[in-house]
Amino acid sequence: MPGTGFFCSPMAAAPRRACPRTGAEIRAAFLDFYEQRGHKAMASASLIPDDPTVLLTIAGMLPFKPVFLGQAPAPAPRATSSQKCIRTNDIENVGRTARHHTFFEMLGNFSFGDYFKEQAITWAWELSTEVFGLSPNNLVVSVFREDDEAEAIWRDRVGVNPKRIIRLDEADNFWASGPTGPCGPCSEIYYDFKPELGDDGIDLEDDSRFIEFYNLVFMQSNRDAGGTLTPLAARNIDTGLGLERMAQILQGVPNNYETDLIYPLIETAAQLAGVDYRALDTKGKTSLKVIGDHSRAITQLICDGVTASNLGRGYILRRLLRRVVRHGRLLGIDRPFLAAMGEASITLMAAAYPQLLERREVILAELEREEARFLETLERGEKLLAEVLAAKPSQISGEQAFELYDTYGFPLELTEEIAEEHGLTVDLAGFEAAMEAQRQRAKAAAVSIDLTLQGAIEQMAAAAEATAFKGYEQLEHPCCVLALVANGEPAERAGAGDSVQLVLDSTPFYGEGGGQVGDRGVLSGDGVIVAIEGVSRNRSVFVHSGQIERGSLAIGALVTARVDAACRRRAQANHTATHLLQAALKQIVDPAIGQAGSLVDFDRLRFDFHCPRAVTPAELEQIEALINGWISEAHTLQVAEMAIEQAKAAGAVAMFGEKYADVVRVVDVPGVSMELCGGTHVANTAEIGLFKIVSESGVAAGIRRIEAVAGPAVLAYLKEREAVVKPLAERFKAQPGEIVERVVALADELKATQKALAVARSELASAKAGALVHKAEPLGDFRLLVARLDGVDGAGLQNAAQGLADQLGDGAAVVLGGLPDPADLAKVILVAAFGAAVVAAGPKAGAFIGGVAKACGGGGGGRPNLAQAGGRDGAALDGALVQAREELRMSLLEG
RNA sequence: GGGGAAUUAGCUCAGCUGGUAGAGCGCUGCGAUCGCACCGCAGAGGUCAGGGGUUCGAGUCCCCUAUUCUCCA
């Protein structure tokens, strides 16, 4: 640690107990403090949020947002957590300021309609002064401009010097989750590094003096569409204390990066680069800070199941990761080092996040893969840039720099750096303009969609209550229509022929999810029949899509929903088979194999899994045999609902990164497979009948895909194959087992024959051509030869012409025309080969042959010395050749 | 979700404004060597990702699809 002389607080007169100092101690002290005060300690949620409107967990309260919005029940009246978060909107500031992070931990205490403002404030103060040992002289608080109540509590109840209570505007001290909904004023606690400057003229914006470390949100109002605030019945408390900031304060270091939460990573990177952090200039330090910060972020992201890609959070990971590589190179690290950083990050954070150890292999492998990929990108970019530089430009244009960046992912700074080495600059304004133009294009294209069918469906689903799913037990169920979208518009009623989406109060239809497709079937009742073609889920609302075949349907109608049992059985067979496949893969290939996605359709199944290599054909055979063994052993499935802890303790396989409710459904094939799964399954493995792997392939780096069929779908698959094999066997008069041999032999023979034919043709052509040499007519210094040569293809004719021209010397003017296939008058080929003297005298082969071809209903061109043309009128060929000879004679005589 | 680019021999890639598909490495054979490596000679290996279109003619131009890379949101 660079900071020496640890202190609790400069002013800590008499701390009652040893106050926390390390990041781990601060985290524990915070959680202890609130647990002792009746808060339920919650584990940090994943960085991948439930909330589909945000890409990443960006705030400590995010996992509780549905509670605050009244969409989910509170886990307890009071809760406290240390939540890992990632933010990338200020990514440029990371490493430059003292406290910007991508990855950070937010300590929070929350009240869901329980305690409120006064309690929150007094506890926050007690924690800050008593537990963390901060002197009141070092603290300043802010309150919302209009929040007299909070100010009064700070002043009168807590006893804060009124001069050290600052009122701030909405921008800083009013919280809202959106334009409407719950909201309320905030109050923040700041640490003052320079209390000696006094209480007058305090400017909280001055971050060289103040650092905000604790934010208290008092959720007390609801804002409606008109902007009017009404008091909330159940008022909430949402707070956040930045772990890294508190560590900076308590460890007496100049910035967050030098706390024990990050500094070990900086040391690791410095060692890899062979530099000394303290001896570096600002630029070098910044690079080390970026590496330290981003290393934590990428390690945690991968741990939570993010893989680098070009979309969404995968793209964020990629960008962060590449910045680390980039800054490593700036520091002079010239070999792969991300795995080392990942290793150090895991070691650093493993105590607080043990999952990092479990996922160590995955994390390091992903880091190495992505780093290698980026190094390739850099290499390619450097090559392209070298080509640009080879043209000796006076400047690298904005378009060129942008193309390198946009199309090839080559960082702008690198372009600048390399250009500088060549004494050139980059047109940065042009680059920005090109970037802006790209943004505009994207924007313009993005507006056109939405507010169509998807919009209507979402609107319908948002307004509806969760659909009760009856389909585990029943395939037929009486239901009531709750909401309706007809032909893309919300509707009260729909008639025959309309394509509809509808929500029922309960349903036997399985909604697409967990990889399994939605059920098909019909709704019927009171003269109406609706064919249901698919069912999707919008949160927990099932949306049935289909078409009204007869009658009409209105909201409130009572119908009988009937699932197509045959389809369902096929899906079930495929789904249970998928579980067996995963179990078999673990047994045969690698126990560590984890699911990366799956699809269960009526007629096939697809299973993607993490695996660094291809599964061998021998292994595939073993897998098939194993699964078919399990099928014939007729295992009866046990399906039960239980608490998630219980399920995990029993050894159920959970899919990584998936969200599970507290109560989960466990599908158990006793002794074979146990998985958490909401899908529908056969009652006994014997129902699957048969299992057959159709293909094994790679789908992305480190991910393999197996496609297979099970149950009735196997028969369909066999029929399909038979339809291929049977005609082949008949056509080749061979047993099915001999077909391969036969076809290979035939293909070889065909190739040999074609080759022999080509040789024979070219020999024939050269023989014919050889005979023509004597027909060349002298014309001054020139030797003119116009002849017809049938049965020779384009290449042969060109060879012949070139050969003749070579023999006849510089003055040769050779024009050959012919039908490649004498029986086909619709295809004519013409070739002209002129010697150098001819070209010098005027006639150019390209233009000349084009003119000749015109007479044969075609066109053509080529180089001045050699050109090729074609036509469609074989009958006109002789005439065209006669005319060509005349023209050539004329122009050569003139020349 | 929206741009840009790429896809050619087993591998890495050339192939200009449409006119007979190439190189290096690897592979096979022969030579040289006691043998290996190096070397010399010869050879095999391609539906130019797939499908449409324009054209007399498409690896090359246009459209669609697939896959990969990349930027933006």
Side-chain angles (χ1 to χ4, degrees), chain A residues 53-55 88-89 308-316 318-319 322 370 372-381 383-384 387 399-412 431-432 434-450 452 454 697-701 705 747-748 750-752 754-755 758 761-762 765 792-803 817-820 824 826-833 845-847 849-874 876-877 880:
Chain A
T53 62
V54 283
L55 274 182
T88 54
N89 30 357
S309 74
N310 307 322
L311 318 154
R313 48 183 82 93
Y315 184 56
I316 290 177
R318 171 165 284 173
R319 222 161 36 172
R322 294 186 169 191
E370 184 61 16
R373 221 174 288 169
F374 185 46
L375 292 177
E376 273 174 32
T377 298
L378 290 181
E379 213 169 292
R380 190 179 49 185
K383 207 172 136 190
L384 289 165
E387 280 172 27
E399 288 79 32
Q400 284 170 329
F402 183 71
E403 191 196 350
L404 280 168
Y405 174 73
D406 180 55
T407 303
Y408 301 102
F410 197 68
L412 175 64
F431 179 89
E432 278 307 321
M435 173 83 99
E436 186 53 34
Q438 209 255 38
R439 270 196 207 110
Q440 289 306 324
R441 268 201 309 276
K443 220 180 216 172
V447 190
S448 53
I449 20 164
D450 208 25
T452 51
Q454 200 53 38
S697 59
V699 54
R705 166 172 296 175
D748 286 350
L750 179 64
K751 198 154 222 179
Q754 280 176 338
K755 203 159 194 180
R761 270 197 176 141
S762 84
V792 179
D793 65 3
L797 205 66
Q798 207 171 112
N799 269 331
Q802 185 68 62
L819 306 175
D824 180 9
K827 189 164 172 71
V828 177
I829 294 179
L830 292 158
V831 176
I849 203 71
V852 180
K854 257 192 189 142
C856 300
R863 293 185 293 272
N865 60 329
L866 185 67
Q868 189 180 32
R872 294 196 186 285
D873 186 4
L877 179 57

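Just so we're on the same page: letters track the sequence lines, and every chain starts at 1. Computed from a prediction, not measured in an experiment: that's the story for all the values here.
A straight line from CG of L877(A) to P of C56(B) spans 17 Å, rounded to a whole angstrom. Rounded to an integer number of Å, the gap from CZ of R319(A) to P of C71(B) is 9 Å. One can place CD of Q438(A) at 11 Å from P of C71(B), the figure rounded to the nearest angstrom. Across the protein-nucleic acid pair, M435(A) atom CE and A73(B) atom P stand 8 Å apart, rounded to whole Å. Residue E370(A) contributes atom CD, which lies 11 Å from atom C1' of C69(B) at whole-angstrom precision. Rounded to an integer number of Å, the gap from R318(A) CZ to C69(B) C1' is 8 Å. Note: CD1 (I316(A)) to C1' (C71(B)) measures 14 Å, nearest angstrom. Spacing between atom CD of Q868(A) and atom P of G57(B) amounts to 11 Å, rounded to whole angstrom units.
Scanning both residues, G870(A) and A853(A), for their nearest heavy atoms gives O-CB, 3.7 Å. Closest heavy-atom contact between A880(A) and A855(A): CB-CB, 3.8 Å. What you find for A845(A) and N865(A) is that their closest heavy atoms are CB-C, 3.9 Å. Considering every non-hydrogen atom in both G381(A) and L404(A), the closest pair reads O-CD2, 4.0 Å. P820(A) and K827(A) make their closest contact through CD-O, 3.3 Å (heavy atoms, listed as atom of the first residue, atom of the second, distance).
Residue T407(A) places no side-chain N or O under 4.0 Å from the OP1 or OP2 atom of C69(B). Put simply, R872(A) has a side-chain N or O that comes within less than 4.0 Å of OP1 or OP2 on G57(B). Between R380(A) and A5(B) there is no side-chain N or O to OP1 or OP2 distance below 4.0 Å.
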> Dot-bracket for RNA chain B: what is it, with Watson-Crick or G-U pairs under 3.5 Å, [ ] where a pair crosses earlier ones, and | for a pair to another strand?
Replying inline: (((((((..((((.....[..)))).(((((.......))))).....(((((..]....)))))))))))).
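One C1' atom belongs to A49(B), the other to U68(B), and the distance between them is 11 Å to the nearest Å. For the P atom pair drawn from G22(B) and A9(B), the interatomic distance equals 14 Å after rounding to whole Å. Spacing between A14(B) and A6(B) at atom C1', rounded to whole Å, works out to 15 Å. Only the P atoms considered, A21(B) is 13 Å distant from U60(B), to the nearest whole Å. Of the C1' atoms belonging to G26(B) and A37(B), the separation is 16 Å, rounded to the nearest Å. One P atom belongs to C25(B), the other to G40(B), and the distance between them is 9 Å to the nearest Å. Spacing between G29(B) and C48(B) at atom P, rounded to whole Å, works out to 29 Å. G4(B) and U65(B): their P atoms are spaced 13 Å apart (whole Å).
Within the 4.5 Å cutoff, the side chain of F410(A) has no heavy atoms near those of the L384(A) side chain.
Salt-bridge formation is not detected for the pair E376(A)/R373(A): no Lys NZ or Arg NE/NH1/NH2 atom is positioned less than 4.0 Å from an Asp or Glu carboxylate oxygen.
The listed nucleotides are A73(B), G4(B), C69(B); the one nearest the side chain of D406(A) is G4(B).
Between atom CG of residue L866(A) and atom CD1 of residue I849(A) there is a gap of 9.5 Å, rounded to the nearest 0.5 Å. Here CG of L877(A) is found 6.0 Å from CG of L819(A). Values are rounded to the nearest 0.5 Å.
Note on G409(A): only backbone sugar-phosphate atoms sit closer than 4.0 angstrom, heavy atoms only; bases stay farther off. Using a 4.0 Å heavy-atom distance criterion, A853(A) is classed as making no nucleic acid contact.
Heavy-atom distances to RNA chain B give each of E403(A) and Q798(A) a nearest nucleotide, and the one nearer the 5′ end belongs to E403(A). Both K383(A) and K827(A) lie close to RNA chain B; mapped to their nearest nucleotides by heavy-atom distance, the more 5′-ward contact belongs to K383(A).
Judged by distance alone, with hydrogens and angles left aside, N799(A) brings a side-chain donor or acceptor within reach of the base of U20(B), the pair sitting under 3.5 Å.
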